[in-house]
Every structure is written in structure tokens, then in C-alpha cells.
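This report refers to the structure that appears directly beneath it.
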2 protein chains.
Amino acid sequence: MDDKARVILDEKAKVLKALGHPTRLFIVEELARGERCVCELVKLVGADFSTVSKHLTLLKNAGVVQDDKRGQMVYYTLRVPCILRFMDCIESVIVSGSCK
Amino acid sequence: MDDKARVILDEKAKVLKALGHPTRLFIVEELARGERCVCELVKLVGADFSTVSKHLTLLKNAGVVQDDKRGQMVYYTLRVPCILRFMDCIESVIVSGSCK
DNA sequence: TACATATTTGGCAATATAACCAAATAATGA
DNA sequence: TCATTATTTGGTTATATTGCCAAATATGTA
């Protein structure tokens with residue numbers, strides 16, 4: 001494997017790893033319904049403000065979400081909606097273990 | 001969130017987490033080309049036999065691959081090919097940050 | 001049986017993650 | 001300016017992950 005392929009592999013793994021945590025996956029699925037400020041996500045997740053903020057930073061660094069500060073609030077949106085189409089496949093893994 | 005939704009969320013995160021490691025992602029992409037025995041994967045990955053074996057066990061527990069022992073060799077196959085279609089999307093995250 | 005090969009398992013050390021609290025920063029309104 | 005709200009950052013601790021080595025297990029062959 002050459003350097004370039006290695007970098008791409010690492011980047012892809014980074015995205016998947018970012019999605020591979022229940023709280024972060026929950027956030028992504030919630031953002032699929034529209035933009036949310038951090039305070040809304042904190043309420044929904046039920047964890048500390050700092051915890052949610054760090055999860056969002058990680059998702060942002062992986063390229064999954066983007067933020068937009070308006071006033072005192074920071075709104076997050078899903079940057080790559082195609083990720084959601086993946087979820088049907090992932091669910092098929094846990095339900096039947098097979099997919100088309 | 002109710003109990004059932006929580007379990008599903010955890011399971012989905014588990015699958016994504018399993019894919020979220022460069023070596024395991026490499027293995028998955030290699031298995032996409034056909035079944036491979038552990039020894040072949042060891043050569044390709046370039047890590048210890050035990051290391052590769054543990055990655056495979058983790059992928060199996062997540063439901064991503066399945067194994068088939070024939071003689072002394074254990075052959076692994078991808079259980080959910082739809083995962084591969086996801087990769088285009090993941091690549092679009094790292095390239096442009098957007099996808100259809 | 002003895003030996004070689006393929007694989008898994010157990011154990012350990014290094015590193016990475018996750019969650020909380022407290023403090024820092026930034027924007028708003030009195 | 002001062003206080004309040006929203007968010008991030010730093011620090012700490014507990015837990016989880018990763019990778020290697022050595023040992024155990026299983027199968028095939030002489």
C-alpha cells in the first residue's frame with residue numbers, strides 16, 4: 001500500500017470511528033432532521049454540556065458536521081447526508097446479517 | 001429514547017466502530033474482493049497473526065464478517081456487502097465534504 | 001506418535017477515549 | 001460595566017483499545 005492509499009484509508013476509518021459511538025450516532029441522526037444548537041442536543045442527549053461539545057468537535061474534525069455561530073448559539077448541521085443512507089445497511093447487519 | 005431504540009443505537013454504533021479502524025477497514029475492503037484465509041490477511045496487513053485474528057474476531061462479533069473453517073485454515077467472508085456502497089459516501093466526506 | 005502449520009487465547013504495557021467538573025471565552029441585555 | 005447565557009477548553013480519572021509475545025488448540029502429515 002502506498003502513502004496516498006494509506007492516508008485515504010486512515011481518513012475513511014476516522015469518519016467511521018466518529019460515527020461509532022452511540023451518543024455521536026444519535027447526534028447525527030438528530031441532525032438529519034435539521035440543524036440543532038448545542039443546547040438542544042445537550043437536552044436530548046442528557047449528558048454534560050462539555051461532553052456534547054467534545055463529541056461535536058470530534059464529528060466536525062472528521063468532516064461529518066459543520067457549525068455555524070449565530071449570536072451566542074452555535075448551530076450544527078449534517079455535512080454529508082449520504083451517511084444516512086448507510087444506516088439501512090447497518091441496520092440490516094444487526095437484524096438479519098444480510099443486505100442486497 | 002426507549003430501551004429498544006437504545007439497543008438498536010448501540011448495535012449500529014458497534015458496527016460502525018468495528019469499521020472505524022484502518023486495519024479492519026483494510027480487511028473489509030480486501031474481503032470485498034473475495035474470501036481470504038487469516039494467513040493471507042496477515043501477509044497483506046503486515047501485523048502479528050494474533051493482532052489480525054483479534055481484529056477479525058471483533059468484526060465477526062459486530063456481524064460484519066463470518067468465518068468458515070476448512071482444514072487448518074479459517075476463511076473469512078464479508079457478510080454485508082452493502083457496507084461497500086457506503087464507502088463512496090465516506091470518501092466524499094474526506095474529498096469534498098459533500099455528497100448527493 | 002511426533003511434528004509442522006494455522007489460528008486463537010491470555011496477558012501485559014502503551015496509548016487513546018469518555019465523562020465529569022471547573023475555568024475560560026464570547027455574545028447579550030440590563 | 002456587570003451579570004447572564006451559550007459554548008469551548010483544560011484537567012483528571014476511569015475505562016477501553018491496540019499490538020505484541022508466549023502459550024494453547026486444532027488439523028494435517030510423516
Side-chain angles (χ1 to χ4, degrees), chain A residues 1 6 9-28 30-31 34-79, chain B residues 1 6 9-28 30-31 34-79:
Chain A
M1 185 161 35
R6 176 76 217 179
L9 185 67
D10 285 351
E11 282 294 319
K12 284 194 287 189
K14 185 177 171 183
V15 174
L16 290 160
K17 188 176 184 178
L19 298 170
H21 184 285
T23 299
R24 290 194 294 267
L25 190 53
F26 175 83
I27 289 173
V28 166
E30 181 60 28
L31 293 183
E35 77 172 6
R36 299 282 187 271
C37 68
V38 183
C39 52
E40 288 173 302
L41 294 170
V42 166
K43 278 179 204 148
L44 290 166
V45 168
D48 195 83
F49 227 114
S50 66
T51 301
V52 173
S53 177
K54 277 172 184 172
H55 280 308
L56 287 165
T57 299
L58 195 151
L59 284 168
K60 191 169 73 169
N61 287 339
V64 175
V65 304
Q66 63 186 86
D67 58 351
D68 178 28
K69 180 157 194 171
R70 299 202 294 276
Q72 343 171 226
M73 267 121 111
V74 178
Y75 292 90
Y76 279 85
T77 47
L78 201 52
R79 209 167 149 226
Chain B
M1 184 160 35
R6 176 77 217 179
L9 185 66
D10 285 350
E11 282 293 319
K12 285 194 287 188
K14 185 178 171 184
V15 174
L16 289 160
K17 188 176 184 179
L19 298 171
H21 185 285
T23 299
R24 290 193 294 266
L25 190 53
F26 175 82
I27 289 172
V28 166
E30 181 60 28
L31 293 183
E35 79 173 6
R36 299 282 187 271
C37 68
V38 183
C39 53
E40 287 174 303
L41 294 170
V42 165
K43 278 178 203 148
L44 290 166
V45 168
D48 195 83
F49 227 114
S50 65
T51 301
V52 173
S53 177
K54 278 172 184 172
H55 280 308
L56 287 165
T57 299
L58 195 152
L59 284 168
K60 190 169 75 170
N61 287 339
V64 175
V65 304
Q66 63 186 72
D67 58 350
D68 178 28
K69 181 159 194 171
R70 298 202 295 276
Q72 343 172 226
M73 267 121 111
V74 178
Y75 291 91
Y76 278 86
T77 48
L78 200 53
R79 207 166 150 227

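Keep in mind that this is a model prediction, so the values were computed, not measured. Below, chain A is the first sequence line, B the second, and so on; all start at residue 1.
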Closest to the side chain of B:Arg24, out of C:dC20, D:dT18, C:dT28, is D:dT18
Closest listed nucleotide, where the reference is the side chain of A:Ser50 and the choices are D:dA6, D:dT8, D:dC20:
D:dT8
Between B:Thr23 and A:Thr51, which is nearer to the 5' end of DNA chain D once each is assigned its nearest nucleotide?
A:Thr51
Could you please name the option among D:dT7, C:dC20, D:dT9 that lies closest to any side-chain atom of A:Thr57?
D:dT9
The nucleotide from C:dA19, D:dT7, C:dA26 with an atom nearest the side chain of A:Met73 is D:dT7
Among D:dA26, C:dT8, D:dA6, which nucleotide sits nearest the side chain of B:Lys69?
D:dA26
Basic-acidic side-chain contact under 4.0 Å: A:Asp10, A:Lys14:
no
Of D:dA6, D:dT8, D:dT27, the nucleotide closest to the side chain of A:Gln72 is D:dA6
Does OP1 or OP2 of D:dT8 have a side-chain N or O of A:Ser53 closer than 4.0 Å?
yes
Does A:Lys54 put a side-chain nitrogen or oxygen below 4.0 Å from OP1 or OP2 of D:dT7?
no
Let's go through B:Asp68 and B:Thr77 carefully: what are the C-alpha distance in whole Å and the side-chain angles of both, what is the deciding distance for side-chain contact (heavy atoms from CB on, under 4.5 Å) to 0.1 Å, and is it a yes or a no?
CA-CA 8 Å; B:Asp68 178 28; B:Thr77 48; over 6 Å; no
If you only use heavy atoms from C-beta on, which nucleotide in C:dA16, D:dT9, C:dC20 is closest to the side chain of A:Lys17?
C:dA16
side-chain N/O A:His21 vs C:dA19 OP1/OP2, d < 4.0 Å:
yes
